[in-house]
Number of protein chains: 2
Amino acid sequence: MSCEADLAKTLRERGYRITSQRRVILHILRQASDHLTPGEVFRQAQASLPGLTETTVYRTLEFLAQVGLAHAAFGSSGKRAYELSEHAHHHLTCRKCGHEIEIPHERFAALFAALEAENDFSLAHNHITLFGLCKNCQRENEFSSEEQGRRKAD
Amino acid sequence: MSCEADLAKTLRERGYRITSQRRVILHILRQASDHLTPGEVFRQAQASLPGLTETTVYRTLEFLAQVGLAHAAFGSSGKRAYELSEHAHHHLTCRKCGHEIEIPHERFAALFAALEAENDFSLAHNHITLFGLCKNCQRENEFSSEEQGRRKAD
DNA sequence: ATCCTTATTGCAAAAAACTGCAATAAGGAT
DNA sequence: ATCCTTATTGCAGTTTTTTGCAATAAGGAT
Ligand SMILES: [Mn+2]
Ligand SMILES: [Mn+2]
Ligand SMILES: [Zn+2]
Ligand SMILES: [Zn+2]
């Protein structure tokens, strides 16, 4: 109820329509534990909605983002991926292993507010990903450096 | 000289090779006033290097980013675009008109350092784009809201 | 229940990105 | 100057993403 009701309200008010495609895709995003690419959503959605097109998935995902129901992110794959927008957050993503650390938006709030004020700019809901190396992969890097050093010395 | 010398040093040291393709693409990035997409680079590069392939442009651009000579960014087009890495910076980009404001990295340094410390994470050189509305486009939005309000009231 | 407007979808085709593999060419060694 | 190793490129083909347009269907009105 609350899901459907929310959807109805959010969309109808603005003149948008509720379709089976949107319901299915939204449902898939709800189930998902993390970000999903259009391709992944498409494959899952086909099961419940045989006729569905990949084109529609792309457009629906982008639509949901526009309306504010979903948020796009660029993960380590480099491809766009979507997730439902619950609490605002950002990510630290490891370039080696893909491990993701979630950072609550509050951590960025002060800086963002300052940037808005200083630049007469009104920030939208951003969902950023900062790349780097996680704890483990940093260690591995040290190891390989040592090894390389030893090799050269031989 | 300094350009070529830099290039030689940066690449040869690590076992990479200097090729005409890399030189041309790098040269194009140097001329560019702002971020260029692979497609744009390709079109410009073809002039000086007829045989060049689009594939090579993609790979070279990504290569230059890996080596740290270039940096990727996701502009308002949503497509990846590259630029040379001079002083570290980030962007505030308007979703309406595409206007870009450059923010020096220093503005982010403190927060980033804190995030690294708090999460045992080692951030790479990130180049982020925050979307929103520029001064002008914010005003335009107000106007259209007013108009809409009036229309409904009629 | 039926009609109407038009937002949304599917389809077909294009553009953009990515891959595997064999041919090419840097650049260090002789 | 010639040879050799292998990093890099081009080519052909695949996958991913985007676009134009006609057909479809949501949902307000009658
Ligand atoms: Mn997220
Ligand atoms: Mn930039
Ligand atoms: Zn890692
Ligand atoms: Zn603007």
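Here is how names work: the chains are called A, B, and so on, in the same order as the sequence lines, proteins then strands, and each is numbered from 1.
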| Under 4.0 Å between a side-chain N/O of B/Thr56 and OP1 or OP2 of D/dG10, yes or no? | yes

Do the rings of A/His89 and A/His87 sit parallel, tilted or perpendicular, given the 30° and 60° boundaries?
tilted

Any stem touching DNA chain C, meaning at least three consecutive Watson-Crick or G-U pairs under 3.5 Å, ordered by first number, would be C:1-30 with D:1-30

- Are the side chains of B/Leu26 and B/Leu84 in touch, meaning some heavy atoms are under 4.5 Å apart? yes

Remember a base hit wins even if backbone is also touched, and classify B/Glu54 as base, sugar-phosphate or nothing at under 4.0 Å, heavy atoms.
nothing

Of B/Gly15 and B/Lys79, the one whose nearest nucleotide on DNA chain D sits closer to the 5' end is B/Gly15

Value for CG (A/Leu115) from CD1 (B/Ile101), rounded to nearest 0.5 Å, stands at 9.5 Å

Here the distance between atom P of C/dA17 and atom CZ of A/Arg80, to the nearest Å, is 10 Å

When rounded to whole Å, the CZ to C1' distance for the pair A/Arg23 and C/dT8 reads 14 Å

The side chain to side chain donor-acceptor pair (under 3.5 Å) partner of A/Tyr82 among A/Glu62, A/His127, A/Glu40, A/His71 is A/Glu62

For this session: Flag the pair A/Leu11 / A/Phe63 as yes when at least one side-chain heavy-atom distance between them is below 4.5 Å, and no otherwise.
Result: yes

In whole angstroms, the gap separating P of D/dT8 from CD of B/Glu62 amounts to 14 Å

- Task: Could you tell me whether the side chain of B/Ile103 reaches within less than 4.5 Å of the side chain of A/Asn119, counting heavy atoms only?
- Result: yes

Whole-Å distance, A/Gln21 CD to D/dT24 P, equals 14 Å

B/Gln44 meets the side-chain hydrogen bond (donor to acceptor under 3.5 Å, both in side chains) criterion, sequence neighbours left out, with none

B/Leu52 atom CG is separated from D/dC11 atom C1', nearest whole Å, by 13 Å

Here the distance between atom P of D/dT8 and atom CG of B/Leu61, to the nearest Å, is 15 Å

Could you list the protein-to-nucleotides 26-30 of chain D atom pairs, N/O on both sides, closer than 3.5 Å?
residue, atom, partner, partner atom, Å
D/dA26, O3', A/Ile18, O, 3.3
D/dA26, N3, A/Arg17, NH1, 3.0
D/dG27, OP1, A/Ile18, N, 2.8

From CD1 of A/Ile25 across to C1' of C/dT8 the rounded distance in Å is 12 Å

Q) When we call it a touch if two heavy atoms are under 4.0 Å apart, what does A/Gly51 touch: a base, just sugar-phosphate, or nothing? A) sugar-phosphate

Assign each of B/Leu49 and B/Ser77 the nucleotide of DNA chain D bearing its closest heavy atom; nearer the 5' end lies the nucleotide of B/Leu49

To the nearest 0.5 Å, atom CD of B/Glu118 lies from atom CG of B/Leu111 at 8.5 Å

When rounded to whole Å, the CZ to C1' distance for the pair B/Phe63 and C/dC18 reads 18 Å

**Message:** OP1 or OP2 of D/dT17 versus the side-chain N and O atoms of A/Tyr58: is any pair under 4.0 Å?
**Reply:** yes

**Study point:** Distance below 4.0 Å between B/Thr53 side-chain N/O and D/dG10 OP1 or OP2
**Key:** yes

- Item | Heavy atoms of other groups near A/His27 NE2, more than 12 under 6.0 Å | no

Would you call the rings of B/His35 and B/His91 parallel, tilted or perpendicular if under 30° counts as parallel and over 60° as perpendicular? perpendicular

- Message: Mind checking if A/Arg22 touches a base, just sugar-phosphate, or nothing, with heavy atoms under 4.0 Å?
- Response: sugar-phosphate

